[in-house]
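For this chain, numbers begin at 1 and follow the sequence in order. As a basis for the values below, the full set of heavy atoms in this structure was taken, side chains included, without hydrogen atoms, waters or symmetry mates. Predicted model, so just to flag it, every value in this text is computed and none were measured.
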Amino acid sequence: MAALELAEPMTGFAPPEPRTPRRLGLSQRLSRWDVKVSPYLYISPFFVLFGLTGLFPLAYTAVVSVYEWNLLGGQGEFVGWQNYADVLGQATFWKSLGNTLSIFVLSAVPQVIIAITLAALLDQNIRNATFWRMGVLVPYVVAPIAVSLIFGRLFADQFGLINELLGTVGLDPVGWHQDRLASHVAIATMVNYRWTGYNALIFLAAMQAVPRDLYEAATIDGAGPLRQFFSVTVPQIRSTIIFVVITATLGCLQIFDEPRLFDAAGLGGADRQWMTTVLYMYDVAWGNQRDFGRAAAVAWMLFVLVLAIGLVNFLLSQRIASSGRRIPKVRRSVTRRMLADARRGTTSTTDRRDS
């Protein structure tokens, strides 16, 4: 009964009223805004600079490409797609496009292959590794005009060092400034000389980040150095391979310095046999035509071409890098388990103990 008497007064209590939220002070509101807005403010300088130096020139070039825009007279009448049609109707444009693609193939493909090979050699336990790693970067810091002048003398048609060496082995001299394919090889050699070491250091940095436990496990599984390279190294640096391939593609398709300085005239040869698309665009804008509208049309068509080839390279390189050779099955599959752990970002302690 006493318990019931005590319980009755309890049933008459009303539920507590909800507390009104306390108003935040100015300092607390500023603190919240700082947490939300600060990350965007930190990255805003990049986007502001990119908008000023990237997006605005791109949009302005698109506007110029649909007007009759002369170097001396300035902006003229609206012509729409006429500038694009005029450029596509010029045989020099198609020749420059073919030259660009030829030089791109002769430079980008060997450049990536040699760079990743050099990086794999520099990643080994060699003496004076720092000296050799710094040495491969020396051609990158040399001025482009110096590289062009040196290689221009090496590939001279008469009294050039390359032709002199060919003569010593009984071969006929090559017309580096006359033959179309030979000029492309010479220019591609200059490009590879400048950029191979730079890309090799990028590959080397990615290779050094690969866990060494994977190579030890691959050795236990019976994989040799070549199989380790294709089955361990290449899949682990897949993103770096894609980055280097895309940047090499962009650089080779926009090549200008080397063909411009390959001879004294700087117009791509007497028959335009090594004139690239960027050099053709320069000639349209500042050469005989002096037509900024057509030059802007060439720039936009080159932009679309670079975008398309870059996308194709991205898809192909991603597929090639992800389809490395598999290590043969031996007594254990330690490497396979450790590769799976590496992709998840962890390393199994059990696998380490077993290895």
Side-chain angles (χ1 to χ4, degrees), residues 61 64-65 69-71 82-111 143-158 160 162-163 174-195 248-310:
T61 303
V64 174
S65 66
W69 205 300
N70 192 268
L71 176 61
Q82 186 61 39
N83 287 328
Y84 293 89
D86 293 341
V87 170
L88 294 175
Q90 294 184 1
T92 308
F93 168 75
W94 294 105
K95 177 176 282 190
S96 69
L97 188 61
N99 295 338
T100 302
L101 295 177
S102 176
I103 296 174
F104 157 68
V105 173
L106 293 173
S107 57
V109 177
Q111 184 182 137
I145 186 170
V147 175
S148 301
L149 290 175
I150 293 172
F151 277 84
R153 299 299 181 270
L154 291 175
F155 289 101
D157 293 343
Q158 295 180 353
I162 305 298
N163 281 339
V174 179
W176 300 107
H177 291 77
Q178 300 174 4
D179 185 72
R180 186 179 183 184
L181 181 59
S183 62
H184 295 179
V185 172
I187 294 174
T189 304
M190 289 189 283
V191 177
N192 293 333
Y193 173 79
R194 284 194 60 208
W195 292 98
T249 300
L250 298 180
C252 293
L253 291 176
Q254 301 178 50
I255 183 175
F256 174 78
D257 296 339
E258 288 79 2
R260 171 72 176 170
L261 300 172
F262 190 55
D263 66 346
L267 296 178
D271 196 26
R272 306 297 185 262
Q273 58 266 29
W274 70 80
M275 172 182 275
T276 59
T277 305
V278 178
L279 188 57
Y280 168 76
M281 178 180 63
Y282 174 84
D283 184 59
V284 171
W286 304 97
N288 297 325
Q289 301 185 33
R290 297 185 180 181
D291 193 328
F292 281 1
R294 292 182 181 178
V298 175
W300 255 92
M301 286 188 286
L302 181 62
F303 168 73
V304 174
L305 176 66
V306 169
L307 191 64
I309 296 181

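Inter-residue side-chain proximity for Y280 and T100 is flagged as unmet; no heavy-atom pair is nearer than 4.5 Å. Counting heavy atoms from C-beta on, the side chains of F155 and T189 come closer than 4.5 Å. Put simply, the side chain of L101 does not reach to within 4.5 Å of the side chain of V105, judged on heavy atoms. Inter-residue side-chain proximity for V185 and L106 is flagged as met; some heavy-atom pair is nearer than 4.5 Å. R272 has its side chain within reach of L267: a pair of non-hydrogen atoms, C-beta onward, lies under 4.5 Å apart. At least one side-chain heavy atom of L88 sits under 4.5 Å from a side-chain heavy atom of W94. Inter-residue side-chain proximity for T276 and F256 is flagged as unmet; no heavy-atom pair is nearer than 4.5 Å.
For Y193, the ring-ring contact (aromatic ring centres under 6.0 Å, His included) test picks out F151, with sequence neighbours left out. Applying the salt bridge (Lys or Arg N to Asp or Glu O under 4.0 Å) test to D86 and every residue at least two apart in sequence or in another chain returns R294. Residues forming a ring-ring contact (aromatic ring centres under 6.0 Å, His included) with F262 (at least two apart in sequence, or on another chain): H177, W274. Scored by the ring-ring contact (aromatic ring centres under 6.0 Å, His included) test, W69 finds no partners at all (sequence neighbours excluded). Residues passing the ring-ring contact (aromatic ring centres under 6.0 Å, His included) test with W195, sequence neighbours excluded: Y140, Y198.
When each of T277, V191, V278 is paired with I255, the side-chain contact (heavy atoms from CB on, under 4.5 Å) condition holds for V191 and for no other.
Electrostatic pairing of R180 and D271 does not count as a salt bridge here, judged by no charged N lying under 4.0 Å from a carboxylate O.
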For a quick test of your reading: what N or O donor-acceptor pairs under 3.5 Å do the side chains of residues 297-306 make, sequence neighbours left out?
{"unit_1": "W300", "atom_1": "NE1", "unit_2": "L58", "atom_2": "O", "d": "3.2"}

